[in-house]
Amino acid sequence: MEFNEKLQELRKQKGLTQEELGDMLYVSRTAVSKWESGRGYPNLDSLKSIAKIFNVTVDELLSCDELICVAEHDGNRKINSIIDLVFGLLDIGFILLLFLPFFAQTVDGVIYEVSLIRLTGKGLYLKVTYFIVVIASIAFGVLQCIFKNFQNGLWLKFKRKISLAINVLGVILFSVSLQPYATILAFVFLSIKVLTLVKP
């Protein structure tokens, strides 16, 4: 008997609805329905809770192949969660540009390093563009950290691409406008992101 059939049988024996079981596991009724229809497996923590609720072992719930599949899926989910956290923190890291001296400013022929907030002598359009890129990166980083485990299809598909695009835009903007330190910071952040996506 497959896991989905076992789960459905155990739930019915205990007289629980999908919604009641979901409440006990802190998941939605939809998640329980998905598991019972064979369209997915719960994570390892939910499996342990299911085993406890029905007074069975995890081994009784899953075959060896199913257990391996769940472990792999759970491992991938945790890796993706860590990668999303890294992306979010790096994007938030652009806040350093607001307060630390990463920008060159020339005063009476002498070059000084200043923060973005203290930067003067550049065209207003350029300074506004800097602020837009930096604030966009910080805001998107905060969103990534808040919605790290959000499973919406569009969010999953585009969150990393948007993060990379903002970062690439920062590298291009800072390098074209001859801001070497800001360029280096943005490039280091971009490199770390790319390295986290490289499969071993």
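L47 has its side chain within reach of F3: a pair of non-hydrogen atoms, C-beta onward, lies under 4.5 Å apart. Between E36 and R11 the shortest side-chain heavy-atom distance falls below 4.5 Å. By the 4.5 Å heavy-atom criterion applied to side chains, L164 and L197 are counted as neighbours. Between L21 and I53 there is a side-chain heavy-atom pair separated by less than 4.5 Å. With contacts defined as side-chain heavy-atom distances shorter than 4.5 Å, the pair Q13/F54 does not qualify. Contact check for I138 versus D91: no side-chain heavy atoms found under the 4.5 Å cut-off. The shortest side-chain heavy-atom distance between S163 and Q144 falls under the 4.5 Å cut-off. Contact check for K193 versus I83: no side-chain heavy atoms found under the 4.5 Å cut-off.
Within the 3.5 Å criterion, the main-chain N or O of L190 finds a donor-acceptor partner in the side chain of N167. Here the side chain of S175 pairs a donor or acceptor atom with the backbone of V171 at under 3.5 angstrom. Q105 places a side-chain N or O within 3.5 Å of a backbone atom of T120 that can act as its donor or acceptor partner. Listed for the S137 side chain is no donor-acceptor partner under 3.5 Å among the backbone atoms of V133. Panel note: side chain S115, backbone L98; a donor-acceptor pair is recorded below 3.5 Å.
Atom OG1 of T196 sits about 11.5 Å away from atom CD1 of I79, to the nearest 0.5 Å. The CD1 atom of I95 lies 11.5 Å from the CG atom of L116; values are rounded to the nearest 0.5 Å. If you take CG on L119 and CG on L97, they are separated by 11.0 Å, rounding to the nearest 0.5 Å. Interatomic distance, S46 OG to W35 CH2, rounded to the nearest 0.5 Å: 4.5 Å. Expressed to the nearest 0.5 Å, how far CG of N4 lies from OG of S37 amounts to 7.5 Å. Here the CG atom belonging to L90 is positioned 9.5 Å from the CG atom belonging to L85, to the nearest 0.5 angstrom.
A chain of hydrophobic side-chain contacts below 4.5 Å, direct or via other Ile, Leu, Val, Met, Phe, Trp or Tyr residues, connects V58 to L7. Linking ILVMFWY side-chain heavy atoms closer than 4.5 Å, directly or via other members, places F131 and V128 in two distinct hydrophobic clusters. Residues I135 and L169 are members of one and the same hydrophobic cluster, defined by side-chain heavy-atom contacts under 4.5 angstrom among Ile, Leu, Val, Met, Phe, Trp and Tyr. Hydrophobic clustering (ILVMFWY, side-chain heavy atoms < 4.5 Å, transitive): L126 and L178 are in distinct clusters. Each of I82 and V194 belongs to its own hydrophobic cluster when Ile, Leu, Val, Met, Phe, Trp and Tyr are linked at side-chain heavy-atom distances under 4.5 angstrom.
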Do K12 and T17 pass the side-chain contact (heavy atoms from CB on, under 4.5 Å) test, and can you show the C-alpha distance, the side-chain angles, and the key distance before you say yes or no? CA-CA 7 Å; K12 288 179 178 175; T17 65; over 6 Å; no
Test log, rule side-chain contact (heavy atoms from CB on, under 4.5 Å), inputs Y41 and L62: CA-CA 10 Å; Y41 294 99; L62 295 169; 4.1 Å; yes
Check step by step if side-chain contact (heavy atoms from CB on, under 4.5 Å) holds for F140 and I92. CA-CA 8 Å; F140 196 72; I92 293 170; over 6 Å; no
Worked check of side-chain contact (heavy atoms from CB on, under 4.5 Å) between I166 and I162: CA-CA 6 Å; I166 294 171; I162 293 170; 3.9 Å; yes
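More than 12 heavy atoms of other shown residues, nucleotides or ligands fall within 6.0 angstrom of atom NZ in K127. Within 6.0 Å of the CD1 atom in I111, the count of heavy atoms belonging to other residues, nucleotides or ligands does not exceed 12. The environment of N55 atom CG is sparse: at most 12 non-hydrogen atoms of other residues, nucleotides or ligands sit within 6.0 angstrom. A 6.0 Å sphere centred on CD of E19 holds no more than 12 heavy atoms belonging to other residues, nucleotides or ligands.
Here the closest non-hydrogen pair linking G170 and A186 is C-CB, 4.3 Å. Across all their heavy atoms, G15 and E20 have their closest contact at O-OE1, 3.8 Å.
Side-chain contact check for Y130 and S177: at least one donor-acceptor pair (N or O, by modelled atom type) lies under 3.5 Å. The closest side-chain donor-acceptor pair between D84 and S81, if any, does not fall under 3.5 angstrom.
The pair K6-E60 does not count as a salt bridge, with every side-chain nitrogen at least 4.0 angstrom from each carboxylate oxygen. With respect to the salt-bridge test (charged N to carboxylate O, under 4.0 angstrom), the residues R29 and D23 do not qualify.
You'll find the ring centres of Y181 and F103 outside the 6.0 Å limit. For F174 and F102, the distance between ring centers is not under 6.0 angstrom.
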